[in-house]
Protein chains: 2
Amino acid sequence: MATIRDVAEKVGVSPSTVSRVLNGRRGYCSESTRRRVLDAARRLNYCASAPARALVQGKTNVVAIGCESPDDPHPAQMLAAAQRLAESHGFHVLLSPAEDSSDLVRILREQRADIVLWARSAVELADGLLDAVSNPQQVVVAAGPANTAPPQGIFAAYWIDWEGIRSALQHLAALGHRRIAFLAGAGQGKDEMFKVEAAKLKLQMHVVYVDSEVDKFAAGADMAQHALRLQPRPTALFARNDEFAIGALHGLNEAGVKVPDDMSVVGYGGIPATGYCHPPLTTVYTPFLECGTIALQAALQACTSNTKSVLQPATTKLETHLMVRATTAPPPRGQ
Amino acid sequence: MATIRDVAEKVGVSPSTVSRVLNGRRGYCSESTRRRVLDAARRLNYCASAPARALVQGKTNVVAIGCESPDDPHPAQMLAAAQRLAESHGFHVLLSPAEDSSDLVRILREQRADIVLWARSAVELADGLLDAVSNPQQVVVAAGPANTAPPQGIFAAYWIDWEGIRSALQHLAALGHRRIAFLAGAGQGKDEMFKVEAAKLKLQMHVVYVDSEVDKFAAGADMAQHALRLQPRPTALFARNDEFAIGALHGLNEAGVKVPDDMSVVGYGGIPATGYCHPPLTTVYTPFLECGTIALQAALQACTSNTKSVLQPATTKLETHLMVRATTAPPPRGQ
DNA sequence: TTGTAGGCGTTATCAA
DNA sequence: TTGATAACGCCTACAA
């Protein structure tokens with residue numbers, strides 16, 4: 001692999017000259033050297049080493065994105081958009097599993113990235129990443145649902161999950177439902193939030209779990225079966241995510257239960273598929289994509305701008321949005 | 001940020017000693033220095049700089065994955081699996097848009113990654129990346145559908161798209177279908193392959209396009225409407241991907257066309273959602289996940305093993321698999 | 001068991 | 001307009 005020296009020797013100038021030409025630094029060289037350098041660089045297929053550059057400049061042009069399940073539709077969409085955005089600013093995207101923040105902390109400490117985007121639930125946890133910032137050039141931003149309060153020390157775009165949950169439950173309550181099953185999946189998640197909101201609306205509710213949710217659709221179908229056996233039987237199902245809801249639709253159909261006549265179903269997330277299942281699913285849209293874009297945009301601008309201004313902590317709150325479609329109706333008579 | 005020198009000074013030894021201790025190099029130091037070094041490193045929150053290390057070692061512990069649409073279910077699943085695999089070997093994942101190979105070429109040349117996984121259609125194009133390898137430690141592997149022949153010079157896991165297409169068409173032909181519409185989307189893709197295979201089976205076919213496929217489900221619904229207006233009307237729809245097929249199901253349902261009684265539908269891809277739409281979709285499973293895992297596994301082992309053996313070029317061919325479900329049946333009588 | 005010295009490839013500062 | 005020179009942080013012979 002050709003180094004900057006090879007180019008310099010080939011042209012008969014010093015490495016610094018080559019560096020200046022290639023980076024368009026001021027102290028404009030004579031047009032002739034300029035040309036010869038560019039020419040030699042092209043002919044030698046020269047490409048500056050990113051590690052070497054990063055070492056001396058303290059800048060990697062990498063944004064690390066911490067995201068729990070990049071194979072879920074919303075994170076995946078966000079990732080794809082972030083990818084395009086980063087690319088348009090000359091940044092690369094580094095993926096981090098982000099089960100907790102430890103991996104991102106390492107990335108920051110090891111100087112693998114200039115920007116860290118914490119894109120997962122519990123935005124407020126991103127505050128903890130600030131301690132890992134080891135370089136004034138590094139920026140931390142966050143995007144996702146806030147469980148409690150938004151983060152304090154960083155730039156973040158978020159929504160409030162319990163607001164979305166409430167809008168779904170209010171919709172069901174307004175239709176006349178009183179007994180609702182919450183399809184919770186395997187882990188603990190919004191169960192508490194659900195209970196609190198349900199209580200406020202004086203709804204009877206039952207939380208349904210499942211052992212494994214590796215196949216979310218199957219888990220949804222399973223939980224729907226469980227829900228049907230509850231006594232008294234609930235008149236509506238509220239799923240923790242859209243995949244559970246779509247799976248539940250399938251389970252109910254197999255059990256001969258008509259949706260929405262015999263049973264209402266509400267999803268959570270608002271992924272594209274919800275508009276094309278049968279019947280189209282009533283669900284709550286959560287603005288993951290928009291939050292990610294806002295946060296990353298801000299970070300990229302801060303990193304790209306010539307001014308050495310630090311990105312000011314700030315929060316942008318976006319709204320969830322209830323999308324009423326065809327899986328919700330009043331409960332059957334006599335219920 | 002603490003450097004190796006800070007640690008050395010704190011303990012009162014030289015930087016090399018610290019380096020040796022931290023990297024477990026032989027020439028075991030005395031247990032006491034060892035302890036004091038580890039202790040100081042922890043207290044100072046020391047973390048070796050990845051760029052500095054990469055510069056001197058020529059190793060980044062990064063795998064770059066080139067993948068067209070990380071928000072499609074199959075690529076996303078593959079990515080998530082690759083992520084876990086990479087992590088378990090101490091590697092990070094760098095995402096590349098990979099519309100063509102130019103971005104990956106730069107990544108290789110700039111020494112941003114030790115491994116490049118070309119994970120998209122036209123596996124054979126990955127051969128071109130070999131020219132960009134600038135370091136004997138770098139490895140290129142590929143996973144995805146081969147359009148023509150498998151790649152020659154690298155390790156690759158692939159399947160043959162036209163075999164999958166053929167299995168779908170054979171299934172339809174065996175059911176008695178003679179007129180088939182191919183829902184092709186906006187771009188050019190498997191159109192040619194489809195035509196060739198259809199001709200072999202003496203099937204009449206019509207290719208349906210759509211202007212935009214940003215919303216694939218909507219595009220599928222649109223194309224289904226178009227297909228219904230064809231004269232004579234086809235008795236089966238074969239979609240280029242599962243999203244188109246699911247959208248088509250929706251469009252047909254809205255038009256009052258019964259599936260599979262009035263119209264058969266076949267998808268392509270075999271994403272999880274196909275088992276949970278209504279009716280469950282007959283489709284062809286393509287082993288993207290498996291291919292990606294095989295290729296990456298090989299690359300990681302080659303990079304991790306102590307032996308300085310280069311990864312030998314080799315190809316693994318996996319099979320597509322027709323999954324017959326509930327959207328295909330013989331054509332209506334008199335057709 | 002430890003320290004010294006050199007270099008990885010690049011950029012930046014300063015002097016010419 | 002250009003060229004020395006000195007970092008950046010780390011690793012690894014080699015010498016002590």
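Protein chains get the first letters and strands the later ones, always in sequence-line order, with residue 1 at the start of each. Worth saying up front: this structure is predicted, and the values here are computed from it rather than measured.
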| query | Who are the salt bridge (Lys or Arg N to Asp or Glu O under 4.0 Å) partners of A/D127, not counting sequence neighbours? | reply | none
| query | Rounded to the nearest Å, what distance is computed from the NZ atom of residue A/K59 to the C1' atom of nucleotide C/dA12? | reply | 17 Å
| Without hydrogens or angle criteria, can the side chains of B/R53 and B/N23 be said to hold a donor-acceptor pair below 3.5 Å? | yes
| query | Between the side chains of A/S30 and A/T33, does any donor sit under 3.5 Å from an acceptor? | reply | yes
| Judged by atom type as modelled, is there a donor-acceptor pair below 3.5 Å linking the side chain of B/R36 to the main-chain atoms of B/G12? | no
| request: Starting from C1' on C/dC8, measure out to CD1 on B/I4 and report it in whole angstrom. | output: 15 Å
| field | Phosphate-side-chain proximity, A/S19 and C/dT11, N/O vs OP1/OP2 below 4.0 Å | value | yes
| task | Check whether any side-chain N or O of B/Q137 sits under 3.5 Å from a backbone N or O of B/Q57 as a donor-acceptor pair, and report yes or no. | result | yes
Under 3.5 Å, which N/O atoms of the protein pair with N/O atoms of nucleotides 3-5 of chain D?
residue	atom	partner	partner atom	Å
D/dG3	OP2	A/S14	N	2.9
D/dG3	OP2	A/S14	OG	3.3
D/dG3	OP2	A/T17	OG1	2.6
D/dG3	N7	A/R20	NH2	2.8
D/dA4	N6	A/S16	OG	3.1

| Spacing between A/R112 atom CZ and D/dG9 atom P, to the nearest angstrom | 17 Å
| field | Spacing of B/R5 atom CZ relative to C/dT4 atom C1', expressed in whole Å | value | 13 Å
| remark: Side-chain atoms of A/N23 come closest, of C/dT11, D/dC11, C/dT10, to C/dT11
| task | Pull out every residue in residues 49-57 of chain A that has a heavy atom closer than 4.0 Å to any atom of DNA chain D, ordered by number, or say none. | result | A/L55, A/V56
| Could you state the CZ-C1' distance from A/R35 to D/dT1, rounded to the nearest angstrom? | 17 Å
| task | Anything below 3.5 Å on both distances counts as a pair; with that, list the stems of at least three consecutive Watson-Crick or G-U pairs involving DNA chain D. | result | C:1-16 with D:1-16
| Residue-phosphate contact under 4.0 Å: B/S30 side-chain N/O, C/dT2 OP1/OP2 | yes
| said: Test your reading of the model: is there a side-chain donor-acceptor pair from B/T304 to the backbone of B/L300, 3.5 Å cut-off? | reply: yes
| request: Starting from P on D/dC8, measure out to CD on A/Q111 and report it in whole angstrom. | output: 13 Å
| Presence of salt bridge, A/E9 and A/R5, under 4.0 angstrom | no
| query | Can you tell me how far C1' of C/dT10 sits from CD of B/E110, to the nearest Å? | reply | 13 Å
| field | Any donor-acceptor N/O pair, B/T60 side chain to B/D114 backbone, under 3.5 Å | value | yes
| request: List in chain and number order the residues that pass salt bridge (Lys or Arg N to Asp or Glu O under 4.0 Å) with A/R106, two or more places apart in sequence or in another chain; answer none if no residue qualifies. | output: A/E110
| Rounded to whole angstroms, how far apart are OH on A/Y46 and P on C/dG9? | 10 Å
| query | Without hydrogens or angle criteria, can the side chains of B/S69 and B/D71 be said to hold a donor-acceptor pair below 3.5 Å? | reply | no
| message | Holding to side chain to side chain donor-acceptor pair (under 3.5 Å), I want the full list of residues that pass it with A/R34, two or more places apart in sequence or in another chain. | response | none
